[in-house]
Amino acid sequence: QVQLEESGGGTVQPGGSLRLSCAASGSIFSINAMGWYRQAPGKERELVAVISSGGSTKYADSVKGRFTISRDNAKNTVYLQMNSLKPEDTAVYYCSYSYSYYQSPLYWGQGTQVTVSS
């Protein structure tokens with residue numbers, strides 16, 4: 001079992017920044033992928049960014065150049081640095097875990113609210 005604990009959500013003005021953190025605990029396989037998805041009310045959950053244990057990354061087109069995903073393998077923690085935030089970034093952000101970079105998430109965090117509003 002893997003547990004994911006998220007933190008860092010909040011409310012910011014357009015153009016502001018937030019940094020999300022997600023710490024994984026439990027039976028962590030050394031080769032894995034962790035990332036972030038987001039979901040707004042009435043919309044489907046969408047991938048934001050994913051990073052493998054080897055450091056390979058992928059981003060949604062809507063966040064490229066603004067968001068940066070990183071991880072600390074020793075701490076089993078993944079981060080999402082969000083800059084130049086826009087109102088359309090408002091959503092609940094969920095941390096994810098899978099065994100493979102190419103696999104759909106097996107575990108989810110509880111979600112953390114990000115609100116971008118003036």
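Quick caveat, the model's predicted, so the values are computed rather than measured.
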Heavy-atom pair with the smallest gap, counting every atom of [X] and [Y]:
{"X": "Phe29", "Y": "Tyr97", "result": "N-OH, 3.1 Å"}
{"X": "Ser118", "Y": "Pro14", "result": "N-CD, 3.7 Å"}
{"X": "Ala91", "Y": "Arg38", "result": "CB-CB, 3.8 Å"}
{"X": "Gly109", "Y": "Glu6", "result": "CA-OE2, 3.3 Å"}
{"X": "Lys43", "Y": "Gln39", "result": "O-NE2, 3.0 Å"}
{"X": "Cys22", "Y": "Leu4", "result": "SG-CB, 3.8 Å"}

Please round to the nearest 0.5 Å and tell me the distance separating atom [atom1] of [X] and atom [atom2] of [Y].
{"X": "Ser27", "Y": "Gln3", "atom1": "OG", "atom2": "CD", "value": "8.0 Å"}
{"X": "Ser21", "Y": "Asp72", "atom1": "OG", "atom2": "CG", "value": "10.5 Å"}
{"X": "Ser25", "Y": "Gln1", "atom1": "OG", "atom2": "CD", "value": "10.5 Å"}
{"X": "Ser56", "Y": "Ile51", "atom1": "OG", "atom2": "CD1", "value": "8.0 Å"}
{"X": "Glu88", "Y": "Ser62", "atom1": "CD", "atom2": "OG", "value": "8.5 Å"}

For a 4.5 angstrom cut-off between non-hydrogen side-chain atoms, does [X] reach [Y]?
{"X": "Val92", "Y": "Thr112", "answer": "no"}
{"X": "Ser98", "Y": "Ser104", "answer": "no"}
{"X": "Lys75", "Y": "Asn73", "answer": "no"}
{"X": "Val114", "Y": "Leu20", "answer": "yes"}
{"X": "Val50", "Y": "Leu47", "answer": "yes"}

For residues 78-85, which side-chain donor-acceptor pairs fall under 3.5 Å, sequence neighbours excluded?
from, atom 1, to, atom 2, distance (Å)
Gln81, NE2, Asn83, OD1, 3.0
Asn83, OD1, Ser17, OG, 2.9

For [X] and [Y], indicate whether the former's side chain and the latter's backbone hold a donor-acceptor pair under 3.5 Å.
{"X": "Glu5", "Y": "Ala23", "answer": "no"}
{"X": "Ser53", "Y": "Asn32", "answer": "yes"}
{"X": "Tyr101", "Y": "Lys58", "answer": "yes"}
{"X": "Thr90", "Y": "Val116", "answer": "yes"}

- Task: Apply side chain to side chain contact (heavy atoms under 4.5 Å, CB included) to Ser117 and Gln13, showing your working.
- Result: CA-CA 5 Å; Ser117 176; Gln13 295 183 358; over 6 Å; no

- Tyr94, Ile28: one ILVMFWY side-chain cluster at the under-4.5 Å cut-off?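 Different clusters.
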
- Transitively linked via ILVMFWY side-chain contacts under 4.5 Å: Val48 with Tyr102? no

- Under a 4.0 Å N-O cut-off, is there an ion pair linking Asp61 with Lys64? yes

- Applying ring pair (Phe, Tyr, Trp, His ring centres under 6.0 Å), which residue pairs with at least one partner in residues 31-73 are found, sequence neighbours left out?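 Matches after skipping sequence neighbours: Tyr37-Trp108.
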
